[in-house]
*Asks:* 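Have a look at this one before I ask anything.
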Protein chains: 2
Amino acid sequence: MADQIRIRRSKQREIILEELMKLGSHPSADELYDRVRKRLPHISLGTVYRNLEILSREGVIRRLALDGQRMRFDGGRDEHQHIRCIRCGRVDDVPAPAAASESERSVARRTGYLVIERRVQYLGMCPACRRKDRVS
Amino acid sequence: MADQIRIRRSKQREIILEELMKLGSHPSADELYDRVRKRLPHISLGTVYRNLEILSREGVIRRLALDGQRMRFDGGRDEHQHIRCIRCGRVDDVPAPAAASESERSVARRTGYLVIERRVQYLGMCPACRRKDRVS
DNA sequence: ATACATGCAAACTTTTTGCGTCCCC
DNA sequence: GGGGACGCAAAAAGTTTGCATGTAT
């Protein structure tokens with residue numbers, strides 16, 4: 001189970017999250033800022049950044065680092081992968097978790113993309129940090 | 001086979017590439033700049049950026065977009081995956097291509113990391129761009 | 001000869017931060 | 001009441017670009 005999320009609620013935080021969830025897409029901070037501003041005209045961009053930072057640190061949302069683009073954010077709660085167009089930079093979700101070897105074909109079938117490359121990135125804790133963690 | 005690479009050679013470009021290859025790591029533009037400057041004291045940071053851009057566009061090197069960090073570059077020519085420490089941000093190579101399901105355990109064994117997450121990203125061309133490609 | 005690369009510096013974009021005030025718990 | 005969150009604005013960080021000049025092909 002995930003740790004309990006214990007962040008204070010604020011109008012701004014709620015609406016930021018709400019708008020991110022509502023959008024099925026992967027907006028950048030200031031695209032989201034534009035959305036949110038329609039409901040909270042006085043919110044500041046700094047607040048949007050601060051909240052996106054906090055929400056992704058807490059694991060509520062995901063932060064997508066994409067080549068040559070600014071940071072994007074994803075409110076999707078379920079497991080899914082992303083597929084990015086190398087031409088226009090558009091990013092779509094790949095709904096079900098694809099199985100390894102024939103995953104490219106399967107992804108192509110489900111998204112309509114021409115799949116060119118599959119990148120896998122692992123996240124973890126390196127040996128040095130594991131040691132530090134044990135001590136601290 | 002890959003297309004022929006036909007970029008003009010320059011002292012600067014050669015040394016940038018050379019230093020990137022020599023480093024086994026994944027430096028940011030200005031870490032690389034520091035290195036290169038030891039051999040070409042008058043090179044400018046702009047030149048480093050320009051060349052990294054060109055080299056990655058030509059597929060000679062790889063550009064790594066990593067969460068919350070600046071862009072990093074990878075001169076490794078062979079297929080490999082990356083693993084990142086969620087605590088210190090360190091990025092290591094995962095030498096052999098890992099097979100799907102038990103890949104996490106396998107990666108852990110080979111890198112000493114505690115593997116927390118596995119992210120897959122697909123690159124391709126979206127339906128709209130495929131259509132445009134056919135026309136243009 | 002000419003198209004491309006460079007150095008320099010300024011500009012730009014994106015993200016972070018300091019500060020005084022406000023609000024949630 | 002107190003610590004976190006906010007708005008605002010300034011600044012930092014990272015990257016790109018215009019321009020005059022130099023260089024590879």
Side-chain angles (χ1 to χ4, degrees), chain A residues 3-20 25-74 89 91, chain B residues 3-20 25-58 60-74 88-89 91:
Chain A
D3 284 337
Q4 197 62 292
I5 293 156
R6 32 122 207 284
I7 40 183
R8 190 184 283 190
R9 20 191 341 153
S10 77
K11 200 80 198 160
Q12 288 85 342
R13 183 163 301 157
E14 263 161 34
I15 292 186
I16 288 168
L17 185 54
E18 222 173 280
E19 289 296 321
L20 178 56
S25 59
H26 312 92
S28 62
D30 69 59
E31 283 162 2
L32 193 54
Y33 172 57
D34 283 345
R35 286 284 180 143
V36 170
R37 215 162 18 155
K38 287 177 185 151
R39 295 175 59 186
L40 294 175
H42 294 298
I43 197 173
S44 77
L45 181 55
T47 296
V48 173
Y49 271 104
R50 261 187 295 240
N51 277 295
L52 290 172
E53 216 286 300
I54 292 168
L55 290 168
S56 66
R57 174 153 36 81
E58 297 295 328
V60 180
I61 66 176
R62 281 213 271 163
R63 171 191 278 251
L64 309 180
L66 298 170
D67 203 280
Q69 298 180 53
R70 51 180 181 255
M71 197 65 65
R72 300 185 163 275
F73 299 87
D74 180 345
V91 177
Chain B
D3 284 337
Q4 197 64 290
I5 293 155
R6 30 120 206 286
I7 41 183
R8 190 184 283 192
R9 25 193 335 160
S10 77
K11 200 81 198 159
Q12 289 85 341
R13 184 163 299 159
E14 264 161 33
I15 292 187
I16 288 167
L17 185 53
E18 222 174 280
E19 289 296 320
L20 178 56
S25 59
H26 314 91
S28 63
D30 66 61
E31 283 162 1
L32 194 53
Y33 172 56
D34 284 344
R35 286 283 181 144
V36 169
R37 215 161 18 152
K38 287 178 184 150
R39 295 175 60 187
L40 295 175
H42 294 298
I43 197 174
S44 77
L45 181 56
T47 295
V48 173
Y49 271 105
R50 261 187 296 240
N51 277 295
L52 289 172
E53 216 287 300
I54 292 168
L55 289 169
S56 67
R57 175 154 36 81
E58 297 295 330
V60 180
I61 65 176
R62 281 213 271 163
R63 174 190 277 250
L64 309 180
L66 298 170
D67 202 280
Q69 298 181 54
R70 49 180 181 258
M71 198 65 65
R72 301 186 162 275
F73 299 86
D74 180 345
C88 69
V91 177

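In this text, all values refer to a predicted model and were calculated from it rather than measured experimentally. Labels below follow one simple rule: chain letters A, B, ... track the order of the sequence lines, proteins then strands, and each chain is numbered from 1.
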*Asks:* Any non-hydrogen side-chain atom of A:I43 less than 4.5 Å from a side-chain atom of A:Y33?
*Replies:*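 Contact flag for A:I43/A:Y33 side chains = yes.
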*Asks:* Going by heavy atoms in the side chains, are A:I61 and A:D74 under 4.5 Å from each other?
*Replies:*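 Sidechains of A:D74 and A:I61: no contact.
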*Asks:* State which residues pass salt bridge (Lys or Arg N to Asp or Glu O under 4.0 Å) with B:R37; sequence neighbours excluded, sorted by chain then number.
*Replies:*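 If we apply the salt bridge (Lys or Arg N to Asp or Glu O under 4.0 Å) test to B:R37, skipping adjacent residues, the hits are B:D34.
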*Asks:* At how many degrees, to 10°, do the end axes of the helix from C:dA1-D:dT25 to C:dC25-D:dG1 meet when each uses five pairs?
*Replies:*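 Here the helix ends are tilted 50° relative to one another.
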*Asks:* Any residue in residues 30-39 of chain A with a heavy atom nearer than 4.0 angstrom to DNA chain C? Just list them by number, or reply none.
*Replies:*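 Result for residues 30-39 of chain A: none.
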*Asks:* Please determine if B:E31 and B:R35 form a salt bridge, counting it only when a charged side-chain N lies under 4.0 Å from a carboxylate O.
*Replies:*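 So B:E31 does not pair with B:R35 through a salt bridge.
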*Asks:* Could you tell me which residues satisfy side-chain hydrogen bond (donor to acceptor under 3.5 Å, both in side chains) with A:Q12, sequence neighbours excluded, listed by chain and number?
*Replies:*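 side-chain hydrogen bond (donor to acceptor under 3.5 Å, both in side chains) list for A:Q12, sorted by chain: empty.
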*Asks:* Answer yes or no: is there a side-chain heavy-atom contact under 4.5 Å between B:F73 and B:L20?
*Replies:*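 Touching, per the 4.5 Å side-chain cut-off.
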*Asks:* Considering all heavy atoms of both residues, which atom of B:R8 and which atom of B:R13 are nearest to each other, and what is their separation?
*Replies:*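 Where B:R8 meets B:R13 most closely, the heavy atoms are O-NH1, 2.8 Å.
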*Asks:* For DNA chain C, note the earliest and the latest nucleotide, 5' to 3', having some atom under 4.0 Å of a heavy atom belonging to chain A.
*Replies:*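 Using the under 4.0 Å cut-off, the span is C:dT14 to C:dC25.
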*Asks:* Could you verify whether a donor N or O on one side chain and an acceptor N or O on the other, from B:S28 and B:R70, lie under 3.5 Å apart?
*Replies:*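 Short answer, yes.
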*Asks:* Give the B/S/- string for nucleotides 16-25 of chain D, one per nucleotide from 5' to 3', where a protein heavy atom under 4.0 Å of the base yields B, of only the sugar-phosphate yields S, and otherwise -.
*Replies:* BBB----BBS
*Asks:* Rounded to the nearest Å, what distance is computed from the CD atom of residue A:Q12 to the C1' atom of nucleotide D:dG7?
*Replies:*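 Whole-Å distance recorded here is 9 Å.
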*Asks:* Is the shortest side-chain N to carboxylate O distance from B:K38 to B:E19 below 4.0 Å?
*Replies:*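 Salt bridge absent between B:K38 and B:E19.
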